[in-house]
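Treat the numbers as computed from the prediction; the structure is a model and nothing was measured.
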Amino acid sequence: MKRLFSLLTVLALAAALGAPVMADDTAAPTPAPTSTPAPTAVVDTTNSENVYVSAYTVTDAAGGEITTIDVGDTVNIVLKVVDHASARYCVKPEEISARINSAVFTYTGIGEIGQLFDSNDDPNATRLQNVRNGSATPEEIAANAQYNYYSYVILFRDVIYNGGGNTLPINLSYLDTSKPLQQFSVTLGQCVDKDQTTSPNLLVRTSTYGDSVTAGTPFTLTLGVYATDGSEDLSDVIVSLTLPENISLNGGSLSTYMGGMSPKQMRDVSFDMLPAAGFTGTVANITVNMEGTGTVTGKAVSGTTTISVPVSQPNRFEVGQLELSSDTIYVGDTGSVTLSYVNKGKNSVDNLEARLTGTNLGAGGYQYLGNLNAGTEGSVDFDITPDAAGTVSGVITLSYEDASGNPQTVTKDFTVSAEEMAMDDFYDPSMDDVQPEQTGMPVWAWVLIGVCGVVVVVVIVVVVRKRKKAKALAALEAEDSDEDL
């Protein structure tokens, strides 16, 4: 009956783990621990040099495999054990006692141990082969003996999970109490204790929005959403935005469903944004809202953070046409060049400077023009004093800082001719009309005498007329007096 139980136990573990099992009593070799089937959770094989678990499974009463163990559940735990100590002591299955030593699990009996299978995990393959085919030397046999082990199955029935952890510690003792106690453990990943479960938090780990953001120009805001460390996954993760005034979506939705996230996982989410052309200020503060639910605890997890995005107005500082004082400047003379400018943007232009550079200009020049408010204009003038005849080449460079504090420059080129001043430039054509000197009274004197004569005649006529007019008026007054009498 015990033999039948052992075979059934081994077959159940093999079915759960997908491992081949030997069903006879011979000490046929089994695969080394490193070649055993992969367990359903991480198995710690370093907790004992002599005994460890190479694979395990958890089943219900009917033998079906269980993937989740909640607090209060009753399960069967089947372990496949590699036991060097028992092989060294050459004990039988009935001489081995296996007990669970933890308040996390309730089990008052001893584990049921199946058939023992001899094997050897000698790392020296040649020596191991010599021992198996009977050609080993006595020294090889002695060295190989320390790698002998038993492989067997332990079944713990009706184990109750109390919560508080997921480590199953086991004490292995012998009927011969002179043999030392062996202790080993296995971590059961199926255990779920909501009171011990920690949920990850959600935060924004990275944010990008391109090199710069300009009012009236779309941009993409990309967020790296990160789930911190925890012992459960998150489901139904949603990321949404709360936007400030004059910032809107350029398409899509203000919220994005991201689904599930594991602890220490980061995922990117992007939103297409559009700052209004009339955006005022220099920074847009965008609020990021994150929420999710713990897959084990059902706990709601949320996080909020603010992303500050610098927003600048379009650079609309413009220059006009250059104006030269003349098309040609004589060597030694001073001409001038004038350049107008205007700030059509909504922010001021700061630390405006002007420089004149080039060839055959004279001394060149520099002017600090200060700050230029939005909607204002101005101009800058430079003198030009050519040093030699030829072409005068110049560049006016305007340098300033935009609303974001970034340096900007605007240049304007010009050319003008410089010429030497010849003596012909002093020639007066009117000098050709000069008449030769005449003798006697000059013409102008005769003209002056004639004019004076005319004036005298006019004066005499005026005086005579005034006198006649006065006599006529006196006669009229005398007549008027006689009539009155």
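Atom-to-atom distance recorded for Phe279:CZ and Asn246:CG is 7.0 Å, nearest 0.5 angstrom. In this structure, the separation between CG on Asn347 and CG on Leu372 is 12.0 Å, given to the nearest 0.5 Å. For the atom pair CD1 (Ile160) and OG1 (Thr108), the distance works out to 9.0 Å, reported to the nearest 0.5 Å. One distance of note links CG of Asn166 with CD1 of Ile69; it measures 9.0 Å at 0.5 Å rounding. To the nearest 0.5 Å, atoms OG (Ser97) and CG (Leu172) are separated by 8.0 Å. Between the CZ atom of Arg88 and the CG atom of Asn50 there is a distance of 4.5 Å, given to the nearest 0.5 Å.
With contacts defined as side-chain heavy-atom distances shorter than 4.5 Å, the pair Val53/Phe184 qualifies. At least one side-chain heavy atom of Leu79 sits under 4.5 Å from a side-chain heavy atom of Phe156. Here the side chains of Ile329 and Val392 are not in contact, with every heavy-atom distance at 4.5 Å or above. In this structure, Gln183 and Asn171 have side chains that are in contact, with non-hydrogen atoms separated by less than 4.5 Å. Looking only at side-chain heavy atoms (C-beta outward), Arg267 and Val225 stay at 4.5 Å or farther from each other. With contacts defined as side-chain heavy-atom distances shorter than 4.5 Å, the pair Leu249/Met273 qualifies. With contacts defined as side-chain heavy-atom distances shorter than 4.5 Å, the pair Leu155/Asn76 qualifies. The shortest side-chain heavy-atom distance between Leu398 and Leu339 falls under the 4.5 Å cut-off.
Environment of CD in Glu323: sparse, with no more than 12 heavy atoms of neighbouring residues, nucleotides or ligands closer than 6.0 Å. Within 6.0 Å of NZ in Lys412 there are more than 12 heavy atoms belonging to other residues, nucleotides or ligands. Within 6.0 Å of atom CG in Asp327, 12 or fewer heavy atoms from other residues, nucleotides or ligands are found, so the atom counts as exposed in its surroundings. Heavy atoms from other residues, nucleotides or ligands lying under 6.0 Å from CD of Glu377 number 12 at most.
When all heavy atoms are compared, the tightest approach of Ala98 to Ile170 is CB-CG2, 4.3 Å. When all heavy atoms of Pro200 and Val301 are compared, the pair lying nearest together is O-CG1, 3.2 Å. Closest approach of Val204 to Ile307, counting heavy atoms only: CG1-CD1, 4.2 Å. Residue Leu324 comes nearest to Thr415 through the heavy atom pair CD1-O, 3.8 Å, listed as atom of the first residue, atom of the second, then distance. The minimum heavy-atom distance between Phe271 and Leu254, with the atom names listed, is CE2-O, 3.7 Å. Across all their heavy atoms, Phe414 and Ile384 have their closest contact at CE1-CD1, 3.7 Å.
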Next item on the list: Kindly determine whether Val239 and Met258 satisfy side chain to side chain contact (heavy atoms under 4.5 Å, CB included), including the steps that lead there.
Entry: CA-CA 7 Å; Val239 179; Met258 302 185 66; 3.3 Å; yes
Notebook entry, point to check: What's the verdict on side chain to side chain contact (heavy atoms under 4.5 Å, CB included) for Leu128 and Asn144, showing C-alpha distance, side-chain angles and the deciding distance?
Noted result: CA-CA 7 Å; Leu128 177 61; Asn144 173 265; 3.6 Å; yes
Next item on the list: Please report the C-alpha distance between Ser86 and Gln182 in whole Å, then the side-chain angles of each, then the deciding distance to 0.1 Å, and finally whether the side chain to side chain contact (heavy atoms under 4.5 Å, CB included) criterion is met.
Entry: CA-CA 10 Å; Ser86 296; Gln182 306 296 323; over 6 Å; no
Note to self: side chain to side chain donor-acceptor pair (under 3.5 Å) for Thr409 and Ser399? Distances and angles first, verdict last.
What the structure shows: CA-CA 4 Å; Thr409 58; Ser399 304; 5.8 Å; no
Next item on the list: Give the intermediate values and the outcome of side chain to side chain contact (heavy atoms under 4.5 Å, CB included) for residues Leu352 and Tyr341.
Entry: CA-CA 11 Å; Leu352 180 61; Tyr341 50 83; 3.7 Å; yes
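In summary, the side chains of Asp83 and Tyr152 do present a donor paired with an acceptor at a separation below 3.5 Å, with no hydrogens or angles considered. At a cut-off of 3.5 Å, with distance as the only test, a side-chain donor of Asn351 or Tyr368 sits close to an acceptor on the other residue. The closest side-chain donor-acceptor pair between Thr338 and Asp381 falls under 3.5 angstrom. No donor-acceptor contact under 3.5 angstrom links the side chains of Asn201 and Tyr226, judged on distance only. Checking Gln190 against Thr67 by side-chain atom types alone, no donor-acceptor pair falls below 3.5 Å. Judged purely by distance below 3.5 Å, without hydrogens or angles, the side chains of Thr411 and Thr397 never pair a donor atom with an acceptor atom. Using a 3.5 Å distance cut-off with no hydrogens or angles, the side chains of Ser102 and Tyr107 do not pair a donor with an acceptor.
Of the possible donor and acceptor atoms, none in the side chain of Gln129 sits under 3.5 Å from a partner among the backbone N and O of Thr126. A distance-only check finds no donor-acceptor pair linking the side chain of Arg127 to the backbone of Asp122 [under 3.5 Å]. A donor-acceptor pair is defined here as one N or O able to donate and one able to accept, closer than 3.5 Å; such a pair exists between the side chain of Thr198 and the backbone of Ser231. Within the 3.5 Å criterion, the main-chain N or O of Asp402 finds no donor-acceptor partner in the side chain of Asn315. Looking at Arg316, its side chain never comes within 3.5 Å of a backbone N or O of Ala374 through a donor-acceptor pair. In this structure, Glu232 contributes its side chain and Thr297 its backbone to a donor-acceptor pair below 3.5 Å. When atom types are taken as modelled, the side chain of Ser255 and the backbone of Ser240 share no donor-acceptor pair closer than 3.5 angstrom.
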Give every donor-acceptor pair under 3.5 Å between a side-chain atom in residues 282-293 and any protein atom, sequence neighbours left out.
unit_1, atom_1, unit_2, atom_2, d
Asn285, OD1, Ser308, OG, 2.8
Asn289, ND2, Thr242, OG1, 3.1

Atom pairs and distances, donor-acceptor, side-chain atoms in residues 210-223, under 3.5 Å, two or more places apart:
unit_1, atom_1, unit_2, atom_2, d
Thr220, OG1, Asp272, OD1, 3.2
Thr222, OG1, Ser270, OG, 3.0

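Taking the six-membered ring wherever Trp is involved, the centroid distance between the rings of Tyr150 and Phe117 does not fall below 6.0 Å.
Ring geometry for Tyr174 versus Tyr89: interplanar angle over 60°, hence perpendicular rather than tilted (30 to 60°). Aromatic ring orientation, His84 versus Tyr52: tilted (interplanar angle from 30° to 60°).
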